[in-house]
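Please read the structure below before turning to the comments.
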Amino acid sequence: MLKKDLDLDLRWGKLLIGLENLLGKKPSDLNAVLFIIGVQELGQGSRTFSKEEKQDLMHIAVCKVLSLSEFYRLNFIDQDGWPHWDLVKELPHLDAAEQEKLLKLHILEYFEKEFEIQIN
């Protein structure tokens with residue numbers, strides 16, 4: 001394993017522990033963290049979401065975190081408060097492992113910027 005990958009794994013583990021301390025439950029995987037970000041970005045608090053809404057929340061999260069590298073730009077927020085994003089830069093062609101790594105790096109950056117914390 002490369003040092004860069006080991007550093008990412010260590011930082012990711014610290015994020016999961018921090019989220020567990022905050023929420024009382026450790027997120028089970030990347031999708032769970034994306035769901036948490038989506039709920040945060042929607043800004044309507046914790047409530048019961050339909051299966052479709054959960055998918056939409058994860059999409060919101062992906063767009064938000066990838067907007068940090070200008071892949072997406074917020075277009076508008078609809079009458080129900082849901083943000084809508086536009087793809088503005090083509091995403092790189094990556095295999096599944098590389099996609100996960102890209103998302104994790106952006107999620108770590110999201111938490112560092114949005115909550116002004118350093119995850120080392």
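Positions are given from 1, in the same order as the sequence printed here. What you see below is based on every heavy atom in this structure, not just the backbone, and it leaves out hydrogens, waters and symmetry mates.
- A distance of 8.0 Å separates CG in L15 from CD1 in I107, rounded to the nearest 0.5 Å.
- Counting all heavy atoms, side chain and backbone alike, G38 lies closest to A61 at N-CB, 3.7 Å.
- Among all heavy-atom pairs drawn from A32 and S28, the shortest one is CB-N, 3.8 Å.
- Once rounded to the nearest 0.5 Å, the distance linking CG of L19 with CD1 of I37 reads 8.0 Å.
- Note that CD of Q44 is 6.5 Å distant from CZ of F49, once rounded to the nearest 0.5 Å.
- Between L42 and G81, the shortest heavy-atom distance links the atoms CD1-O, 3.4 Å.
- Residue K101 is tested with D95, D5, D9 for a side-chain hydrogen bond (donor to acceptor under 3.5 Å, both in side chains); the sole match is D5.
- No chain of hydrophobic side-chain contacts below 4.5 Å, direct or via other Ile, Leu, Val, Met, Phe, Trp or Tyr residues, connects F76 to W82.
- One hydrophobic cluster, built from ILVMFWY side chains closer than 4.5 Å, cannot hold both Y72 and V88; they sit in different ones.
- The structure places CG of D86 at 12.0 Å from OG of S67, a figure rounded to the nearest 0.5 Å.
- Taking every heavy atom of both residues into account, G45 and V39 meet most closely at O-CG1, 3.8 Å.
- Listed for the D29 side chain is a donor-acceptor partner under 3.5 Å among the backbone atoms of N31.
- Across every non-hydrogen atom of S69 and K89, the tightest pair is O-NZ, 2.9 Å.
- Atom CG in L8 sits 10.5 Å away from atom CG in L102 (nearest 0.5 Å).
- No chain of hydrophobic side-chain contacts below 4.5 Å, direct or via other Ile, Leu, Val, Met, Phe, Trp or Tyr residues, connects I17 to L10.
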Would you list the atom pairs, donor with acceptor, under 3.5 Å between side chains in residues 108-120 and any protein atom, with sequence neighbours excluded?
{"residue": "E109", "atom": "OE2", "partner": "K113", "partner atom": "NZ", "Å": "3.1"}
{"residue": "Y110", "atom": "OH", "partner": "E41", "partner atom": "OE2", "Å": "2.7"}
{"residue": "E112", "atom": "OE1", "partner": "R11", "partner atom": "NH2", "Å": "3.4"}
{"residue": "E112", "atom": "OE2", "partner": "R11", "partner atom": "NH2", "Å": "3.1"}
{"residue": "E112", "atom": "OE2", "partner": "Q118", "partner atom": "NE2", "Å": "3.4"}
{"residue": "E112", "atom": "OE2", "partner": "I119", "partner atom": "N", "Å": "2.9"}
{"residue": "Q118", "atom": "NE2", "partner": "N120", "partner atom": "OD1", "Å": "3.3"}

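- Atom NZ of K64 and atom CG of L66 lie 11.5 Å apart (nearest 0.5 Å).
- Note on M58: it clusters hydrophobically with L87, by side-chain heavy-atom contacts below 4.5 Å among ILVMFWY residues.
- Across all non-hydrogen atoms, the minimal contact from P27 to L16 is CD-O, 3.9 Å.
- With sequence neighbours excluded, no residue satisfies salt bridge (charged side-chain N to carboxylate O under 4.0 Å, His left out) with E98.
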